[in-house]
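Numbers restart at 1 for each chain; the letters A, B, ... are given by sequence-line order, proteins then strands.
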Amino acid sequence: MERYDAHTTEAKWQRVWEDADAFRVVDALPEGERSEKSYVVEMWPYPSGTLHMGHCLVYTIGDVITRFRSRNGWSVLHPIGFDSFGLPAENAAIREGGHPRETTERNISNITRSMRRMGWALDFSRMISAHEPTYYKWDQWLFLRLYEADLAYRKAAPVKWCPVDQVVLANEQVHDGHCEYCGAEVEAKYLEQWFFRTTAYAQELLDDLDKLDWFHKVKTMQRNWIGRSEGAEILFHVDQLGEDVSVFTTRPDTLYGATFFVLAPEHPLVAELTERSPHADALRDYVRRAAAKRGEERAGAEEKTGVFTGFYATNPVNGAQVPIWIAEYVLMDYGTGAIMAVPAHDERDEEFARTFELPIVPVIDEDDRLVNSAQFDGLPADDAKRAIVDWLAESGRAKHAISYRLRDWGFSRQRYWGCPIPIIYCEEHGAVAVPDDELPVVLPYIEDFKPRGIAPLAQAEDWVRAPCPTCGKDGRREVETMDTFVDSSWYFLRYCDPHNTEQPWRRELADFWNPVDVYTGGVDHTTMHMIYARFFMKALNDLGLIGHREPFVQFFTNGWVQLGGTKMSKSKGNVIAPEEIIDRYGADAVRLYILFIGPADQDMDWTEEGIEGMVRFMRRLFRIVVDVAENAPRGEPAVNALSRKAHETIARVTDDIGRRQSFNTAISAVMELVNELSHAGVSDPSARFAAETAVSMIQPYAPHLAEELWERLGHSRLWMERWPSADESQLARASFELVVQVNGKVRDRFEVAIDTAEEELVALAKASPRVHAHLNGATVRKTIVVPHKLVNFVV
RNA sequence: GCCGAAGUGGCGGAACUGGUAGACGCGCCGGACUCAAAAUCCGGUUCCCGCAAGGGAGUGAGGGUUCGAUUCCCUCCUUCGGCACCA
């Protein structure tokens, strides 16, 4: 008996597909011939190391969708590329030893070879990589458009600075506030850095989530990340300075309970206060130490700390003079960097008040009504929020305001392996954009690229020196590179026109394919990449560069592949290398099993026994189909149990892949059909139909095996074969199993003709001896009949 | 602390709209083939009582709605994920 040989079969069909250029997508079809488009994208991988199981899962999900949609008449674009710039690739180079360019390109070619072995229907003719000048030229071009539109800007932002080594330190290089290299106390230094104005779209990013077909949990994560809070901005006057200071609060109803006032150590007013304060030395010391701490250190502090400034602010509702403190528990980058402290109704303020023995005045009672609040006493807190702000607004002391947790995206990196920011600094003209016709600004080849604290590009003196585009005098290039998330914010647009040397993309192509219909990737990219890409799409739409405002209609988040209950990782040593599994069992087995373990959006545990079970299924399918091909009669299949099962399978698999995206149950459905076919034997033409159906339905998962069997059944090119549809008339059953319950408990079940009238069903049910025993002569109070399902007697 | 998701056999999971809980697979048990093994095939497999027929219990716990609840509602427990000194 011939046994299925995965290796020769897979190689054979991969060659056939390649020769036929099967997965190249033509997008220049004339108007009338255009079929409905579908754009299927999986997150492009970092080219670090080799292909891993996580990749197998993501790209197989996308591949099943691609092959299914393609056979259903869609024109499907399913491209691939590499996120080859940035920290992951650079760290891989440091780990693997070598220059990032070499390690990156070696990894890309290895991973690409593995991808071809997996049989994924990817259009390799469109392959792009972020580190190629032909790609990052357009990063630079897009940056310049955003810069012109004031959506990219420079501002001073705090970095960790070692005063001894005179370098910027990464967060990880700071230990307990001290420099990793020399041990000196780290300071905060304000350096000019690049930002994208993501906050300009905060509200739209929030609102448009409603339009997207994303998992609930993913939308929730983005909502929390954007973190919209409704409240008010209120002005407190500082008489001694003659200045107003604004605070943001969500609880204006508690204004009468504000007994002190706190500024973040980074607040712009702090410098002036310090200068004029009687406690100047203490203030300076406190601010310096707070600045050196990492955010987590400040957040993790066990006790509240702070220093009194000696100044007072006027509470606008009652004229009370409240002391102004500086404390690190107030953050500069949320709200206004200053708060009114209401210790009676805020835990943090209360803790602070108790530490420094400041007064605590309750202004809301147990019934949620105001007390100690002058004319607002008795008002419900919710009403008071509005009333107090409206009242203060009359004198210009308050306004309703909304605050977001979302911050502008700081995208400059002091690393080597990234896209150069096309800016030249001129003494006279400041930051000047490199003209479009001088793009790309090519990343110079540097031997010593490892992070040192100063940007590695600064060493490339020849490269750094460049004439100012405005005046031609000596200038210096920006030496920081772009965050790799810039590359991934628009790559799905580049796929649509990947070889264009004149533009990042042609509008009609990008508008035709976009938005991405199904985007697959890890949840871990929800709050960064997925926000940035959405921001880019909105900004590019406002700039007239693209016709859409949302990049991803559907976002399918895949689970983690685990081994023994924990996520596979090299450091834990619990990694299964896909290449080895392919060597042993073939790619189809991996593809089938990874989707059969469980729902693809949930974490799954890989087992050796599991994949062996899948291999058994494939061998069984092969054997029975070969038997059918050789022995089953041809002709019109009888309408029998087997042919009906085949039609049911078509209906289920179509629904499972097409609508529910329940990839594991679709495989189960095919297994059921194969089981039934095995039992039914090959004597009837319906066996041929059942076999063809099983092969056709398993094709999106196991394309090599399916193609081979399709050929043996006397056909060709299954990948182009129209996806079948179930024949409704063949799905109709002549009878059904009637379930009879007494008081909701199943007491009997038997076959009944489909058209049996309700009264007759009841009569048949009552006649059953088993039911009779349970009715036990009692009076039937109620009889429920569910057509084609059951009869329930209530006694 | 806030927000979200999930708890079903020995294991992964299925049950889509309130209607037969446990599909499909793994594992295990028994059998066939074989000198034997592997491979393959056949049968069984939620738990408890029973030789069996059959009966009882059962979807994290407790309550509710309903003729009927894994599914809807309330309370609680556990696990996982996100955010977190966000005013």
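- For a distance-only test at 3.5 Å, the side chain of Asn792(A) qualifies as a donor-acceptor partner of the base of C67(B).
- At a cut-off of 3.5 angstrom, counting only N and O atoms as typed in the model, there is a donor on one side and an acceptor on the other between the side-chain of Glu737(A) and the base of U20(B).
- Rounded to an integer number of Å, the gap from CZ of Arg660(A) to P of C24(B) is 16 Å.
- Atoms CG (Asn224(A)) and C1' (C2(B)) sit 8 Å apart, rounded to a whole Å.
- In summary, the aromatic rings of Phe352(A) and Trp325(A) are positioned with their centroids under 6.0 Å apart.
- When the P atom of G13(B) is taken as reference, atom CG of Asp601(A) falls 11 Å away, rounded to whole Å.
- For Arg223(A) against C3(B), no side-chain N or O and base N or O form a donor-acceptor pair under 3.5 Å.
- Counting to the nearest Å, the P atom of C2(B) and the CD1 atom of Ile226(A) are 22 Å from each other.
- Residue-to-nucleotide contacts include no donor-acceptor pair under 3.5 Å from the side chain of Arg348(A) to the base of C86(B).
- Among the atoms of the strands shown, only primed sugar atoms or phosphate atoms (P, OP1, OP2) are found under 4.0 Å from some heavy atom of Arg770(A).
- Here G25(B) sits opposite C11(B) as a Watson-Crick or G-U wobble pair (both hydrogen-bonding atom distances under 3.5 Å).
- Cation-pi contact between Lys219(A) and Trp214(A): absent, since separation from the ring centre below 6.0 Å together with deviation from the ring axis within 45° is not met.
- Applying the Watson-Crick and G-U wobble criteria (two distances, each under 3.5 Å), A5(B) pairs with U79(B).
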